[in-house]
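All residue numbers in this chain count up from 1 along the given sequence.
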Amino acid sequence: MTNSFSHENQSILKITQLKDVVAGFSTKNGGVSKSHFESLNTGLHVHDDPEDVINNRRRIADFLSFPLESWVCAEQTHKDRIKKVSRLDAGKGATEYLTSIQDTDGLYTGEKGLLLVLCYADCVPIYFYDHDKKLVGVVHAGWKGTVANIAGKMIQRWKQEENSAIESIQAVIGPSICENCYVVDDYVVDQVNKHLHKSDDKPYEEVSKGQYRLDLKKLNRQLLLKAGLKQEQIHSSSLCTSCHSDLFFSHRRDRGKTGRMMSFIGLKEES
Ligand SMILES: [Zn+2]
């Protein structure tokens, strides 16, 4: 329930709960990008110098012992498409945005030696691990992906297509914007309400007429519970990407001109 992420070094936070899995989140520190992207920007699509981004990604690849040729990256579009990937996808989007898996915000695999990578600047990374079937996955959930229930859809997919037993799945909610930093309007809250029963705890609070603080981590936890996970199967980071300006880029705080952190998850070759 508390902080599931610990510092590996200035650039990498690793998830402590998931055994046999390399999983975590990058910080904004220890890279070569300049200006708005100082310094460990991992986003190839944000008009940073691509050579700097690739250099940054190589540093992370070295830290994790997963070369860029083993990375699988997606063209994220704030929707709910989830793609199962394989060795045939290795290297897609790793050094060129154009080769990313198209129109996809969730990736999973059962193959070892692949690193699933998605980019963020406030949106919620949610990691999945089935220790029985040896499946790893990750989704990118901003408010749109969250209300499209991309988190619940990963669970459904694993149950239906991979024969996952619900009790073998663990989920980890990563660093992302907190409710104090994230105010939304009625339009968003109306879509949140579609997922909630009257008796459910509200993941938002009205702060002024038509303006609400929204806790996306809490809402995603609620959606994972509705998908069948138990509280003890869901871990969460308390870190906020906007509050912690020393650690993270934040799209809201930096008014759109900023870099991206990346989530990563992969099964080690030897496990
Ligand atoms: Zn915050």
* Same hydrophobic cluster for I173 and L216, using side-chain heavy-atom links shorter than 4.5 Å among ILVMFWY? -> yes

* Asked: Do side-chain atoms of N193 reach the backbone of D190 as a donor and acceptor pair under 3.5 angstrom?
  -> no

* Structure fact -> From the list L18, V138, I15, side chain to side chain contact (heavy atoms under 4.5 Å, CB included) partner of Y129 resolves to L18

* Asked: So, does T27 use its side chain to make a donor-acceptor pair with the main chain of Q10 at under 3.5 Å?
  -> yes

* Within the side chain of S176, is there an N or O that forms a donor-acceptor pair under 3.5 Å with the backbone of V124? -> no

* Carefully, step by step, assess K112 and E269 under the rule salt bridge (Lys or Arg N to Asp or Glu O under 4.0 Å). => CA-CA 5 Å; K112 292 175 187 171; E269 205 64 81; over 6 Å; no

* Atom CG of L40 and atom CE of M262: how far apart are they, to the nearest 0.5 Å? -> 8.5 Å

* Verify, without hydrogens or angle tests, whether Q233 (side chain) and I169 (backbone) share a donor-acceptor contact under 3.5 angstrom. => yes

* **S11 vs N29, side chain to side chain donor-acceptor pair (under 3.5 Å): CA-CA, chis, key distance, verdict** => CA-CA 5 Å; S11 303; N29 301 318; over 6 Å; no

* Would you say the side-chain atoms of T146 and N220 include a donor-acceptor pair closer than 3.5 Å? -> yes

* E162 atom CD: more than 12 heavy-atom contacts under 6.0 Å -> yes

* Taking the six-membered ring for Trp and the single ring otherwise, decide whether the centroids of W158 and Y108 are under 6.0 Å apart. => yes

* Asked: Picking from T109, L107, T99, V72, what satisfies side chain to side chain contact (heavy atoms under 4.5 Å, CB included) with D89?
  -> V72

* To do: Hey, could you give me the OG/CG distance between S65 and L115, rounded to the nearest 0.5 Å?
  => 10.5 Å

* Any side-chain heavy atom of F264 sitting closer than 4.5 Å to one from V22? -> yes

* To do: State, with a plain yes or no, whether a side-chain heavy atom of E179 is found less than 4.5 Å away from one of L214.
  => no

* With distance as the sole test, does T241 use its side chain to make a donor-acceptor pair with the main-chain N or O of I177 at under 3.5 Å? -> yes

* Approximate separation, where rounding is to 0.5 Å, of K28 NZ and S39 OG -> 8.5 Å

* Decide if the gap between the ring center of H78 and the ring center of H140 is smaller than 6.0 angstrom. => yes

* By the rule that ILVMFWY residues connect when side-chain heavy atoms come within less than 4.5 angstrom, directly or transitively, which residues belong alongside L98? -> none

* Donor + acceptor pair across side chains of S242, R252 (<3.5 Å) -> no

* Work out which heavy atom in G152 is nearest to a heavy atom in A227; give both atom names and the distance. => CA-CB, 3.9 Å

* Where the side chain of Q231 meets the backbone of L225, is there a donor-acceptor pair that is under 3.5 Å apart? -> no

* To do: For residues N149 and H195, determine if any side-chain heavy atom of one lies less than 4.5 Å from a side-chain heavy atom of the other.
  => yes

* **Between D186 and Y212: side-chain donor-acceptor atoms closer than 3.5 Å** => yes

* Asked: Can you name the closest pair of heavy atoms from R81 and T104 and give their distance?
  -> NH2-OG1, 3.1 Å

* To do: For K226, look at atom NZ and say whether over 12 heavy atoms of other residues, nucleotides or ligands are found less than 6.0 Å away.
  => yes

* Structure fact -> The reported gap from OH in Y97 to NZ in K92 (rounded to nearest 0.5 angstrom) is 15.0 Å

* Treat each ILVMFWY residue as a node, draw an edge where side-chain heavy atoms are under 4.5 Å apart, and state whether V192 and V184 are in one component. => yes

* To do: Of all the heavy-atom pairs spanning S86 and E111, show the shortest one and how long it is.
  => CB-OE2, 3.1 Å

* Specify the closest pair of heavy atoms between R57 and C119, including all atoms of both residues, with the distance to one decimal. => NH2-SG, 3.9 Å

* To do: Could you walk me through whether T42 and N56 pass the side chain to side chain donor-acceptor pair (under 3.5 Å) test, one step at a time?
  => CA-CA 6 Å; T42 66; N56 291 337; over 6 Å; no

* Asked: Got a donor-acceptor contact below 3.5 angstrom from the E51 side chain to the N55 backbone?
  -> no

* Asked: So, do H45 and R260 sit near enough that their side-chain heavy atoms are less than 4.5 Å apart?
  -> yes

* **Distance, nearest 0.5 Å, that separates CD of Q76 from SG of C73** => 8.5 Å

* Q170 and H131 side chains, donor-acceptor separation under 3.5 Å -> no

* Asked: Do D20 and L267 come within less than 4.5 Å of each other through their side chains, counting heavy atoms only?
  -> no

* Given the rule that I, L, V, M, F, W and Y join up when any side-chain heavy atoms are under 4.5 Å apart, are L64 and L44 in one cluster? -> yes

* Structure fact -> Nearest heavy-atom approach of S237 to G174 is CB-C, 3.9 Å

* To do: Verify the ring-centre separation between F248 and Y120: is it less than 6.0 angstrom?
  => no

* Determine, using the 4.5 Å side-chain heavy-atom cutoff (strictly less than), whether I12 and L116 are members of one ILVMFWY cluster. => no

